*Asks:* 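Okay, here's the structure, questions in a sec.
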Amino acid sequence: MRIGILSYHFPPEPAFIPGSLAEELAVRGHQVKVLTGFPDYPGGHVYPGWRQRWRHETRSERLTVRRVPRYSAGDGSVRTRMAGHLSFAGSATLSGRSFLADVDALYVHLPPANAFAAVALLRVLGRVPTLVHVQDVWAEDQPTGAENGRWAGRIGAAMARVYRAADRIAVAAPSLRGRVVAAGADPARVRVVLNWTDERIFQPARPSRAARRLVRRDGRCVVMHAGTIGARQGLETAVRAAAALERTVDLVLVGSGADERRVRGLAADLRAENVRFVERRSPPDMPDLYAAADYQLVMLRDLPELRSTLPAKLQAAFSCAAPVVASAGGDTAEVVERARAGLSCPPEDWASLADRFWLAATIPSPARSDMGRRGRETYLREMSMSAGVERIERLLYEAAAGRAGVR
């Protein structure tokens, strides 16, 4: 097939799903065209060495990537983000009319940032068979003001229009299906296709001595949180839980983020000497650190939009055969419990999380290994790149065949 991909972000940005999908579809023999912007995530400024211009293309045997300009300022304001979304929509529409005119099917990677571009491009391309891969149904983290709320409503309306226009819809978490159907999608067209992780990196490993020295201390059970320390994670809950179990559990937080100062301050106020902070590490370093810990901690706050999401660290932990402690609701807790790959408790409840930390510490090592093995099996069966790409490829064929049948 000739397959088009519309993605707001694309490598070298940390946009692993559309990037790996494009490469794998090309490996499978398809001719793939990607329409995207110039790399500016997460700082909001175009990467050094790049210059925005029209008709910038890179090509390999079966993969062509065309980048179009978009507004990049990096101040993080609502208006700046919306200017980026709208400018990309305009650029993608102007360029995509000709660049994607001959595709047999179009794949749209749909975080909210891509909503306006998807609506505009589908309008100019006419009746191109389309598969939309929904990552999130909310426009922003959580509207807190009138301006943010207005934009959230506009993005939500744009996404609903895309749902109604799509021939097939894939959702990245099970309960997203109900939410996109409630927004207007035909339920017969919606399938669950879970995201995958970078399997070149995230594989079961044996811990090095250096990783053990960094992570372990005094023989206590080690629970590690690796990733962003931000508003969505609510890591203050984990710090309070660990502080209640000073002689039983070590909590190791690897990474950084907007809430790091506040989380460090809480640990200091509670005199939680069993809470330790490790600076951000590159992805290739993480399987070694995972292996040196006893459990990986997955934290999500108790927000409606987060109940319909599976954070990327869950796939990474499962792929590495690392048992999980999940302080989360909705899909995340359900997947962990169904896989029997760890322990879970309600979000933002430090007492319940402390109870799970205590239970985790009492579970013998062979049982922990069994949890990790079951997580790995679940990953290979339901979350792996081969499983995900095969499902997307099948949906693209279905979309193309269905539209041909209509004609």
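All values derive from a computational prediction rather than experimental measurement.
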*Asks:* Answer yes or no for R154 and F116: cation-pi contact, defined as NZ/CZ to six-membered ring centre under 6.0 Å and angle to ring axis within 45°.
*Replies:*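 So R154 doesn't make the cation-pi contact.
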*Asks:* Does I363 reach the side chain of D294, with side-chain heavy atoms less than 4.5 Å apart?
*Replies:*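 No, every pair of side-chain atoms sits at 4.5 Å or beyond.
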*Asks:* Look only at the side chain of N114 and the backbone of H109, and say whether a donor-acceptor pair between them is shorter than 3.5 Å.
*Replies:*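 Side chain of N114 to backbone of H109: a pair is present.
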*Asks:* Just by modelled atom types, is the A387 backbone N or O under 3.5 Å from a matching donor or acceptor in the R381 side chain?
*Replies:*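 Side chain of R381 to backbone of A387, a donor-acceptor pair under 3.5 Å: no, none is there.
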*Asks:* Looking at R391 and V193, would you say the former's side chain and the latter's main chain have a donor-acceptor pair under 3.5 Å?
*Replies:*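 No; zero donor-acceptor contacts below 3.5 Å.
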*Asks:* Within the distance-only criterion (no hydrogens, no angle test), does the side chain of D331 pair as donor or acceptor with the backbone N or O of S175 below 3.5 angstrom?
*Replies:*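 At least one qualifying donor-acceptor pair exists.
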*Asks:* Distance-only, no hydrogens or angles: does the R67 side chain make a donor-acceptor pair with backbone N or O of G37 under 3.5 Å?
*Replies:*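 Side chain of R67 to backbone of G37, a donor-acceptor pair under 3.5 Å: yes, one is there.
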*Asks:* Is a donor on one side and an acceptor on the other found under 3.5 Å between the side chain of R168 and the backbone of A400?
*Replies:*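 The answer is no, because no donor-acceptor pair under 3.5 Å joins these two groups.
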*Asks:* Are the side chain of R281 and the backbone N or O of E279 linked by a donor-acceptor pair below 3.5 Å?
*Replies:*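 Yes.
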*Asks:* Kindly state whether the ring of H56 and the ring of W50 have centres lying under 6.0 angstrom apart.
*Replies:*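 H56 vs W50: aromatic centres under 6.0 Å.
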*Asks:* Quick one, E273 and E246 - any side-chain contact, counting heavy atoms below 4.5 Å?
*Replies:*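 A side-chain contact exists here, since the closest heavy-atom pair is under 4.5 Å.
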*Asks:* List the steps, then state whether side chain to side chain donor-acceptor pair (under 3.5 Å) holds for E393 with H30.
*Replies:* CA-CA 10 Å; E393 185 181 40; H30 303 287; 2.7 Å; yes
*Asks:* When you measure from the side chain of T130 to the backbone of V128, do you find a donor-acceptor pair of N or O atoms at a distance under 3.5 Å?
*Replies:*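 Yes.
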*Asks:* Using side-chain heavy atoms (C-beta onward) and a distance below 4.5 Å, is S95 in contact with L35?
*Replies:*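 A side-chain contact exists here, since the closest heavy-atom pair is under 4.5 Å.
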*Asks:* Is the number of heavy atoms from other residues, nucleotides or ligands within 6.0 Å of CZ (R97) greater than 12?
*Replies:*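 No, the 6.0 Å shell around CZ holds no more than 12 heavy atoms from other groups.
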*Asks:* Is any side-chain heavy atom of F277 less than 4.5 Å from a side-chain heavy atom of V263?
*Replies:*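 Sidechains of V263 and F277: in contact.
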*Asks:* Check whether any side-chain heavy atom of H133 lies under 4.5 Å from a side-chain heavy atom of L21, and answer yes or no.
*Replies:*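 No, their side chains stay 4.5 Å or more apart.
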*Asks:* Please tell me if the side chains of R191 and R394 come closer than 4.5 Å, counting only heavy atoms from C-beta onward.
*Replies:*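 No, every pair of side-chain atoms sits at 4.5 Å or beyond.
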*Asks:* Heavy-atom distance under 4.5 Å between the side chains of Q315 and F202, does that happen here?
*Replies:*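 Q315 vs F202: side chains apart.
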*Asks:* Looking only at side-chain N and O atoms, does S91 offer a donor or acceptor that is under 3.5 Å from a partner on R70?
*Replies:*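 Checked: R70/S91 side chains show no N/O donor-acceptor pair below 3.5 Å.
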*Asks:* If we ignore hydrogens and angles and just use 3.5 Å, is the side chain of D104 paired with the main-chain N or O of R2 as donor and acceptor?
*Replies:*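 Between the backbone of R2 and the side chain of D104 there is a qualifying donor-acceptor contact (under 3.5 Å).
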*Asks:* Name the residue from Y8, Y71, W151 that meets the ring pair (Phe, Tyr, Trp, His ring centres under 6.0 Å) definition with H85.
*Replies:*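 Only one option passes, and that is Y8.
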*Asks:* Between atom CG of L396 and atom CE of M1, what is the distance when rounded to the nearest 0.5 Å?
*Replies:*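 Rounded to the nearest 0.5 Å, the CG-CE separation comes to 5.5 Å.
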*Asks:* Let me know which of E334, E337, R356 forms a side chain to side chain contact (heavy atoms under 4.5 Å, CB included) with S344.
*Replies:*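 Among E334, E337, R356, the one meeting side chain to side chain contact (heavy atoms under 4.5 Å, CB included) with S344 is E337.
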*Asks:* Minimum heavy-atom separation for V32 and L25, please, with both atom names.
*Replies:*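 What the structure gives for the nearest pair is CG2-CB, 3.8 Å.
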*Asks:* For Y163 and D186, indicate whether the former's side chain and the latter's backbone hold a donor-acceptor pair under 3.5 Å.
*Replies:*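 Checked: no pair found.
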*Asks:* Does a sphere of radius 6.0 Å around CZ in R376 hold more than 12 heavy atoms from other residues, nucleotides or ligands, not counting ones at 6.0 Å or beyond?
*Replies:*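 More than 12 within 6.0 Å, yes.
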*Asks:* A side-chain contact here means heavy atoms from C-beta on lying under 4.5 Å apart; do Q296 and K313 qualify?
*Replies:*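 They are not in contact (no side-chain heavy atoms under 4.5 Å apart), so the answer is no.
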